[in-house]
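Everything below concerns the one structure shown next.
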Amino acid sequence: PTRRSSDLDHQTYFQSIRVDQAHIGSVILDRILEAWMREAILVSDLLPLGVRTMSELPHQWFWDGTEHVDPAKEARAQETRLRNHTTTLAHEYARQGKDWESELRQRAREKVLMRELGLDATEALPAPTRSEEKDG
C-alpha cells in the first residue's frame with residue numbers, strides 16, 4: 001500500500017480507539033467516579049465546599065496519546081491549527097494524552113529557571129540522540 005493509504009488506515013484505527021475511549025469513559029469510569037463521590041460525600045472536607053454530585057465536579061479522562069506516522073508533518077499541521085485558531089492548546093495537549101494546564105505550568109517553571117541560569121532557548125535544548133544525529 002502507498003503511504004497515503006496507510007495514513008488513512010491509521011486514521012480509521014485511531015478514530016475507533018477514540019470511540020472506545022469515550023465509551024469506556026462514560027460507561028465505566030464515570031460510574032466508578034460517581035460511586036467514589038457517594039462515599040467521598042460521607043467524609044468531611046474531602047470534596048470542595050458545596051460539591052454533592054458529579055455534575056458539580058468537572059472532570060476529564062486523559063488517555064495516552066498516539067504518535068503520528070510523520071511527526072514533522074504533524075508538528076507543522078499543529079502549528080497551523082494553533083495559528084489560525086482552529087484548535088486550542090487544551091485539545092492539542094489532550095491528543096498527546098496530557099493535561100494542558102499542567103504542561104503550561106511546567107513550561108512556565110522551565111522558563112523561569114532558564115532565565116535564572118542565564119540560558120536562552122537553544123542552550124536549554126536536549127542534546128540529540130545518536131539516531132537523530134545519523135538522520136540529520
Side-chain angles (χ1 to χ4, degrees):
T2 66
R3 171 90 182 222
R4 189 71 178 136
S5 69
S6 68
D7 287 351
L8 294 174
D9 289 344
H10 280 95
Q11 286 177 349
T12 302
Y13 172 70
F14 290 128
Q15 181 61 36
S16 72
I17 288 174
R18 285 190 291 276
V19 168
D20 289 345
Q21 289 169 338
H23 180 74
I24 290 167
S26 63
V27 173
I28 299 170
L29 298 177
D30 282 351
R31 285 183 181 173
I32 293 170
L33 178 60
E34 195 169 349
W36 178 87
M37 286 197 63
R38 282 194 300 270
E39 295 295 319
I41 289 170
L42 304 174
V43 179
S44 65
D45 300 329
L46 185 62
L47 294 175
L49 190 62
V51 173
R52 301 313 254 174
T53 66
M54 198 167 77
S55 63
E56 296 170 322
L57 187 66
H59 66 282
Q60 177 178 356
W61 303 112
F62 289 94
W63 305 91
D64 288 343
T66 54
E67 289 291 322
H68 193 275
V69 292
D70 186 345
K73 182 178 177 182
E74 175 56 23
R76 287 189 300 274
Q78 182 185 62
E79 181 182 5
T80 300
R81 289 190 300 268
L82 286 166
R83 197 175 335 105
N84 66 21
H85 305 287
T86 57
T87 191
T88 63
L89 287 174
H91 178 77
E92 294 300 324
Y93 277 113
R95 288 174 53 144
Q96 298 173 32
K98 298 176 180 177
D99 176 10
W100 71 277
E101 291 182 72
S102 296
E103 296 298 318
L104 287 181
R105 290 181 197 289
Q106 175 61 33
R107 185 67 179 131
R109 287 191 300 268
E110 291 171 2
K111 289 176 82 173
V112 166
L113 182 57
M114 286 168 49
R115 276 193 304 274
E116 286 176 14
L117 298 174
L119 298 173
D120 66 27
T122 56
E123 293 172 316
L125 292 175
T129 63
R130 286 190 175 150
S131 64
E132 290 171 337
E133 288 173 346
K134 290 176 186 174
D135 293 341

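Just the heavy atoms: all of them, side chains too, but no hydrogens, waters or symmetry mates, feed the values below. Just so you know, these numbers come straight off a predicted model, no measurement behind them.
A search for side chain to side chain contact (heavy atoms under 4.5 Å, CB included) contacts involving T86 returns R81, N84, not counting sequence neighbours. Shown here are the side chain to side chain donor-acceptor pair (under 3.5 Å) partners of R107, two or more places apart in sequence or in another chain: E110. Taking the side chain to side chain contact (heavy atoms under 4.5 Å, CB included) definition, one finds that D20 meets it with nothing, sequence neighbours left out. Residues that satisfy the side chain to side chain donor-acceptor pair (under 3.5 Å) test with R109, not counting sequence neighbours, are Q106. When the side chain to side chain donor-acceptor pair (under 3.5 Å) test is applied to T87, the partners found at least two apart in sequence or on another chain are E92. With sequence neighbours left out, E39 forms a side chain to side chain donor-acceptor pair (under 3.5 Å) with no residue at all. Legend: residues meeting side chain to side chain contact (heavy atoms under 4.5 Å, CB included) with A72, ordered by chain and number and at least two apart, are D70, R76. In terms of the salt bridge (Lys or Arg N to Asp or Glu O under 4.0 Å) criterion, R115 has no residue partners (sequence neighbours excluded).
Other members of the cluster containing L89 are L82, Y93, W100, L104, with ILVMFWY side chains joined at under 4.5 Å, either directly or via other members. Through direct or indirect side-chain contacts shorter than 4.5 Å among Ile, Leu, Val, Met, Phe, Trp and Tyr, V112 is connected to no other residue.
Within the 4.5 Å cutoff, the side chain of T12 has no heavy atoms near those of the Q15 side chain.
Both I41 and V43 are members of a single hydrophobic cluster when ILVMFWY side chains are connected at heavy-atom separations under 4.5 Å.
The heavy-atom pair separating A121 from M114 by the smallest distance is CA-CE, 3.6 Å.
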Under 3.5 Å, which donor-acceptor pairs link side chains of residues 24-36 to any protein atom two or more places apart or in another chain?
{"residue": "S26", "atom": "OG", "partner": "A22", "partner atom": "O", "Å": "3.2"}
{"residue": "S26", "atom": "OG", "partner": "H23", "partner atom": "O", "Å": "3.3"}
{"residue": "D30", "atom": "OD1", "partner": "H59", "partner atom": "NE2", "Å": "2.8"}
{"residue": "D30", "atom": "OD1", "partner": "W61", "partner atom": "NE1", "Å": "2.9"}
{"residue": "R31", "atom": "NE", "partner": "V27", "partner atom": "O", "Å": "3.3"}

